[in-house]
Structure formats: C-alpha cells, structure tokens
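To start, the structure itself, in structure tokens.
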Amino acid sequence: MPTLRPNKYRTHTCGELRETDVGKEVVLSGWVESNRDMGGVIFIDLRDRHGITQCVFDPKRSGQAAHDDAAKLRGEWVVRVKGTVGKRPPEMINTKLETGLIEVDGTEVEVLNEAKTPPIEIRDDLDANEDVRLKYRYLDLRRGKMQRVLKMRHKAAMATRNFLTAQGFTEVETPFMIKWTPGGARPFLVPSRLNLGKFYALAESPQLFKQLLMVAGTDRYYQIVRCFRDEDLRIDRQPEFTQVDLEMSFVEQDDIFTVVEGIMASVWKDVLGIEIKTPFERVPYDTAMARWGNDKPDRRFGLEHVVLTDLVKKHDGGGIKIMKTVVDAGGIVKGIRLPKEFAEATPRAQIDKLETFVKGMGAKGLAWARIENGGSWGKAPLAKAINDAMRTELNAAMGAQDGDLLFFQFGPEAMVQTVMANLRLHLGKKHGLIPEFGSAGTWDFFWVVDPPLFEYDEEAKKWAAAHHAFTMPRAEDMPYLQSDPGRVKCTRYDLVLNGYEIAGGSVRIHRGDIQSAVFRAMGIDEEEVREKFAFLLDAFQYGAPPHGGIAVGWDRLVWLLTETEAMRDVFAFPKNNRGVDMMNGSPAVVDAQLMKDVAIQSVAPEEEPAEKPAQA
RNA sequence: GGGCCAGUAGCUCAAUUGGUUAGAGUAUCGGACUGUCGAUCCGAGGGUUGCGGGUUCGAGUCCCGUCUGGCCCGCCA
C-alpha cells in the first residue's frame, strides 16, 4: 500500500518497497521495531501498519552523523529515515519480510518522537494477560496481529455492504435514543435535561423502527448498527455491540435465508478466500435440543445426547427412586457416552471435578457409570440400585461398550439441557475434539428452525413469547393458538456457526387479527400493549406488508471469522466482563452539577477510594 | 445473585512436605562486536509474592476475609 502522496514524512510506506525500487532515494517514517548495533553497521527495522523495512547504517556509506543518530534510537521511537533503496546480497535476503529483498541505506535519521519503554512488547506472539493489553489498548493495537484483525473486520463489512447494495438494499439509520418498551433486555437509560424526570432508552436493536420502515415501503432495509444492552457479559457479549440488521417486505423465510447465505458466502470469500457451501442445512429446534441440548449446538464433534426419558418411564425408574421421582414430575433424563479412549483418561478424581462443574450450573449431582465385563456398571453409585432390565436397555440405547463412561443428568428440562449441553462442550474441549478457540478449518453453518412460539413461565403461570410478541406462528399451527399454545411453532430462525448463534430473526405478524390472537394466548391485556406499542400497532393499521428480517451478531461473526480468542479481540476498544473500559475507567461518577441538571441523585453506596491510583 | 480458576520483577512463568538469601526467560540499562534480521556474548538494575487478618519457631506456600482479572450459570438473542 503506497503513501497517499509523498510528503516530508514519507515517500513510501514501510511495506511498499520492492526490488524494482532499487536505486530510488526514499523517505520512510515509522516506529523502531528493533535496533541491531553490530559495533559498526547498525540495522534499524522500521515498522508502520503496512509492513517493516530494514534500514542500514554503515558509517562508510551513511556518514558518521547518521550512524551516530541511528545508534541512539530505542524501541518504539517514532523516526523518519532518509536513504537509498539497495538490493540485498542473496545470502542476506529475509524471506519473512515482504520487503526482504531490499533494504534502505540510511543517510539521515530524524527522531519525530521518543517513547517510554512499553509495558507490553509490540509483537505478534505476545503472551500477556488481557487486562494489561486492555489497559494499554493503543499499544496492543499497534501489534500487526491486531491491525490485521481490524482490517479483516473492515473487509467483512465491505463485502456485506457491497452484497446487500447489489441486492437492492438501502442502508437507513435509526435512532439510538428511543422510547423504552417493556420486555427484552435491560436498557441503558439516558436522562433528558429538557424533560426532567424522563428518560430515553438506548436502542437494544432497531427492531421496531425497521418494521415501521417496512410499513413505509422501504422494501429492503439494512443497517450496520450499534446496539446497547445492560446485561451481564460473557466472552461473546459486549454491552455495546454491532448488528447487521435487515428487513424485507413481501418475503418468505427462504428469501431471508438466501440473502443471509449470500452475505456469509461473500464475507468468507472476500476475507478468507474460502468458498462456503450454500444453502445451509436446516435443523429443527426440537432436534437440536434433543441431540445437543442447545439451540446453538457445536456439531463439529460427537458426544451427542441420548434422550432416556421414555426408557426410564417405561421401567418406572428401573429401581432408581430419584429417577422415577423426576420423570413422574415431568422432568427429563439424558445421557452422554464418553468412549473408552477418553474414558480411560478420566479417573475418579476427574469425575468429581466434572461433578463440581455441573453443580455450578444447577445440577444436583452427576450420575455416571463405567462399563465393564460386558455391560455391568462396576462400582458406579447407581450400579446397585438399577435393575438389570433397565440397565441393559439403557446400555443399548447409548451404544455402551466396555471401557466407556456414561454420564446422566435428570431433573427439570431446562436444567438438564443446560447442564448436558455444557458438559458435552467441556468434554469436547478437554479431549481435544474441538479447539479451545478457532475453527480448525471446519465452518459448520446451519439454520435452526421451527422453535416454539411460546415458553411457559413457571413463575407467572402463563405463556410468554419466546422471542418477541410479533413473531408469526407457523400457518399449520394457527388452530392451536388458544387450545394448545405449547405446540405452536413459529417462523423464527437462528443461524449457527461452530456453536455460536451468529444471526437470528423471524417473519413478523403483519395482521391485526393474528396479533390479537397471540396477545390473547399470552394473557396480555391488549389495552396495555396498545399503550406501550401504540405507534407500531397504529402503523400496522395503515397497510403493513408481509415482512420479515434478521439481525447478524456482527462482532460474534467477525470473532469467529478471525479465529481470535475472545470477542473482545475484534473490538478496537472493548469493555471487560464487568462492563468496564480498563483503559479509560468508564463507567465513572460524573460532575455533581451534571447530575443536578438532569434531576438525578445517586443512591449508590459511596465508592471506596481506589487502592492504587491508576497511572500509566 | 451463584459456581469454578488465577493473582510472585515492566511482561510471561518457576519456587520440593510450610524451611533459612524468592529464581528463570524476556524486556530495560551499560559494555563488546562491520551483515544482522526473535542478532549474539558479557555485566547491571529491577520484588510490600494483590490487600488485611490468623495459625506456626518459621508462610509465596495453610486458614478466614477482601479486592482485582478470567470462564460459566442465572440474565440476555
């Protein structure tokens, strides 16, 4: 990449010079990557974002003054070097550098800025803890690896914009400061100085606005947009994050799939040069839950779940009282078989650790059995209790062989699914079936389709929308909206990649009668809904087209695309898992007068004085 | 709100069962060296073992509390 125009700082970038430039007088500027003083000749590796160029200072050619100046240079100083491009002798070619065939014979060195010794080394293979990297993010980002990630993110966005534009989409911006509506994530609040006591909410997504754009006839809308959610964080969640949000009119589910598959294919091709296979496979939600306990399963390895509920029911618990109690109470039973080769590497102490692991997720314990002597359960805790008939059938259902280790979980469905899904992932990573992070060359894209429209809220004793209240029920399930809400599936879809949900959306309800039926099934007072969502429901009375859309979790997608360790790696300036920006210290208390201006008074406990004053 | 893990030099780590002066690599600084490219060689500086308390003749190590960081559950698309 050449410089924009030759100026006093540089005629070329540090990644630009080649053999064809030999003989040219050039000026380069950058950071001192390394300084190798051989006693006579000095080598300065000069780095900018575009690459590294070696500058040589041989007193005979450079003159004594330039040589002495070069000797004073230190790491990360910002310098300008003038010199002549020279061809390297064959034995001194550096094949690791793109500029490795040449070097710049320096004749002049100017220090543009000195630099303190950085707390982290500026190198690709840096092995520093993330908190140090985050505190000095501007240095962390100076590393080539991080610059390449930023570049990949940009290329992915370009591929997406180009693709969607070619498909007739229009990018429309929507407000960040919006009216709070109930349900969904906890919003960040913004007090209004002009309307004391009132608040904006920062948009959790442009959901309602994009539906209004459909009513407006925009037809194909998209936006690469920031979203805000004040929820607890995870490795794949930031309080402010980016979505590729899109919505289309007069479409069916398949139209949206085609568009999103097109985006993914463009991104993977433009950024990685990889052709991914489309269309993506579609997996029913029920299948995903049964086989992997999860609506975003990682299918790159086995250790699939076996649903044992009916088998246990058939045997009335098979002698195991707690299992009977669980299934009688409507709970479920699931098993995972760990094959012999991995089971042998799992001594009793390891099983105890796994038990601690699952108890941390709400499990009461971890039932297990080690298969020996043609199907016996050896010294497993349940071995005495279980009767032969159920044990035999259970072994068969799980394909158990001698030496295998079986794990079981039984109890309320939600707990069993969570525990078993996480146990499977844990075992998969532990036994090297999937990498700690990254794709290992396998990009497993698929759709999860036909999830239930409603979830039963045990506490409130009523059905609630599993996604949001505007998701269209499947046509064939309409008759059951009132009679059997639990069996109603909907036209919602999630795109999964290697165990992460990277997009989710739905076909929306555009007709008032269906919307009313859904509200009724949820036992929601329509007047109340009208009050909160009046603008949307009003709009829908003026000719809402059939429409649907999807939102791509952009950071998550780029994270997986770049195979970086944490999603934070694809943010220039991320927050940590407590929502704190470790570089600038946000969030922070604000000036008392600012608080007064917006009629806000803090009731938070007094903050303890910081232990050590933060200083760089 | 809960579970698990970690905290020792600027950075990454080590330190036997609780044992006497807390080490190494790297970075930094100084010296040597005219073709290096993760330069090499020689030397030097660098520590309140996160913090507070306890047990002990003796604590980096054990116990309690606390803070910080990370991962997960709850929560959230």
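Every chain is numbered from 1 and lettered A, B, ... according to where its sequence line falls, protein lines coming before strand lines.
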### Task
Verify side chain to side chain donor-acceptor pair (under 3.5 Å) between Glu261(A) and Trp447(A), making sure each step is shown before the conclusion.
CA-CA 10 Å; Glu261(A) 285 161 358; Trp447(A) 295 102; 2.9 Å; yes

### Task
Under the salt bridge (Lys or Arg N to Asp or Glu O under 4.0 Å) rule, what do Glu121(A) and Arg143(A) come out as? Steps first, then yes or no, please.
CA-CA 9 Å; Glu121(A) 294 173 52; Arg143(A) 299 159 56 221; over 6 Å; no

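Among the heavy atoms of the strands, none lies under 4.0 Å from Arg133(A). Here Asn576(A) lies in heavy-atom contact (under 4.0 Å) with sugar-phosphate atoms only. Gly184(A) comes within 4.0 angstrom of sugar-phosphate atoms only, judged by non-hydrogen atoms across all strands, and of no base. Residue Ile120(A) is out of contact with every strand shown, counting any heavy-atom pair closer than 4.0 Å.
A donor-acceptor contact under 3.5 Å links the side chain of Arg237(A) to the base of rC75(B). A donor and an acceptor atom never sit less than 3.5 Å apart when one is taken from the side chain of Arg234(A) and the other from the base of rG70(B). The base of rC76(B) is not paired with the side chain of Arg229(A) by any donor and acceptor separated by under 3.5 Å.
Residues Val81(A) and Ile44(A) form no side-chain contact, since every pair of their non-hydrogen atoms from C-beta on lies 4.5 Å or further apart. Side-chain contact between Tyr493(A) and Pro451(A): absent, with no pair of heavy atoms (C-beta onward) separated by less than 4.5 Å. Counting only heavy atoms from C-beta outward, the side chains of Leu233(A) and Arg578(A) never approach each other to under 4.5 Å. Looking at heavy atoms from C-beta onward, Lys430(A) lies in side-chain contact with Gln350(A) at the 4.5 angstrom threshold. When side chains are defined from C-beta on, Thr174(A) counts as touching Gln223(A), because their heavy atoms get closer than 4.5 Å.
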Under 3.5 Å, which N/O atoms of the protein pair with N/O atoms of nucleotides 4-7 of chain B?
none

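Nucleotides rG38(B) and rA27(B) have their C1' atoms positioned 13 Å apart, rounded to a whole Å. Rounded to whole Å, the separation between the C1' atoms of rG50(B) and rG69(B) comes to 11 Å. Between rU20(B) and rU61(B), the distance separating the two P atoms is 13 Å to the nearest Å. rU17(B) and rG58(B): their C1' atoms are spaced 14 Å apart (whole Å). With P as the reference atom, rC71(B) and rU26(B) are 30 Å apart, rounded to whole Å. Taking atom C1' in both rC33(B) and rU48(B), the straight-line distance is 41 Å, to the nearest Å. rC5(B) and rG52(B) are spaced 22 Å apart, taking the C1' atom of each and rounding to whole Å. Between rA32(B) and rC67(B), the two C1' atoms lie 48 Å apart (nearest whole Å).
For rU26(B), the paired nucleotide is rG10(B), the pair qualifying as Watson-Crick or G-U wobble because both relevant distances are below 3.5 Å. Shown here, rC4(B) forms a base pair with rG70(B); the pair counts as Watson-Crick or G-U wobble because both key distances fall under 3.5 Å. Of all nucleotides present, none satisfies the Watson-Crick or G-U wobble test against rU21(B) with each distance under 3.5 Å.
Whole-Å rounding puts the Gln238(A) CD to rC76(B) P distance at 19 Å. Here rC73(B) presents its C1' atom at 14 Å from CD of Glu231(A), a figure rounded to the nearest Å. Counting to the nearest Å, the P atom of rC72(B) and the CG atom of Asn294(A) are 13 Å from each other. Straight-line distance from the CD atom of Gln243(A) to the P atom of rC76(B): 16 Å, rounded to whole Å. The CD atom of Glu565(A) sits 10 Å away from the P atom of rC71(B) (whole-angstrom rounding). One atom, CG of Asp232(A), and another, C1' of rC71(B), lie 13 Å apart when rounded to the nearest Å. If you measure from atom CE of Met567(A) to atom P of rC72(B), you get 11 Å, rounded to the nearest angstrom. With rounding to whole Å, Leu233(A) atom CG is found 10 Å from rG70(B) atom P.
Screening Thr160(A), Ile502(A), Leu561(A), Leu497(A) against Met264(A) for a side-chain contact (heavy atoms from CB on, under 4.5 Å) leaves a single residue, Ile502(A).
The shortest distance between the side-chain N/O atoms of Asn129(A) and the OP1/OP2 oxygens of rG69(B) is not below 4.0 Å. For Arg578(A) and rC67(B), the shortest distance from a side-chain N or O to OP1 or OP2 is not below 4.0 Å.
Between Arg282(A) and Gln253(A), the side chains place no donor N or O within less than 3.5 Å of an acceptor N or O (distance only, hydrogens not considered). Using modelled atom types, one finds a donor on one side chain and an acceptor on the other under 3.5 Å when comparing Lys334(A) with Gln417(A). Defined by atom type and a distance below 3.5 Å, a donor-acceptor pair is present between the side-chain atoms of His547(A) and Gln211(A). Under the 3.5 Å distance criterion, with hydrogens and angles disregarded, no donor-acceptor pair is assigned to the side chains of Ser205(A) and Gln243(A).
Between the side chain of Trp180(A) and the backbone N or O of Tyr200(A) there is no donor-acceptor pair closer than 3.5 Å. Listed for the Arg299(A) side chain is no donor-acceptor partner under 3.5 Å among the backbone atoms of Asn498(A).
Residue Glu130(A) places its side chain closer to rG70(B) than to any other of rC29(B), rG70(B), rC73(B). Checking rG74(B), rC11(B), rC73(B) against the side-chain heavy atoms of Val132(A) singles out rC11(B) as nearest.
Both Gly504(A) and Ala566(A) sit near RNA chain B, but only Ala566(A) has its closest nucleotide nearer the 5' end. Summary of the strand contacts: Ala503(A) and Arg568(A) both lie near RNA chain B, and taking for each the nucleotide with the nearest heavy atom, the more 5' one is attributed to Arg568(A).
Because its NZ or CZ atom is both nearer than 6.0 Å to the ring centre of Phe301(A) and within 45° of the ring axis, Arg424(A) counts as a cation-pi partner of that residue.
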### Annotated protein contacts, base or backbone, on nucleotides 32-44 of chain B with a non-hydrogen cut-off under 4.0 Å, one of B, S, - each
-BBBBBBB-----

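For the segment residues 419-439 of chain A, the set of residues with a heavy atom within less than 4.0 Å of an atom of RNA chain B comprises Asn422(A), in numerical order.
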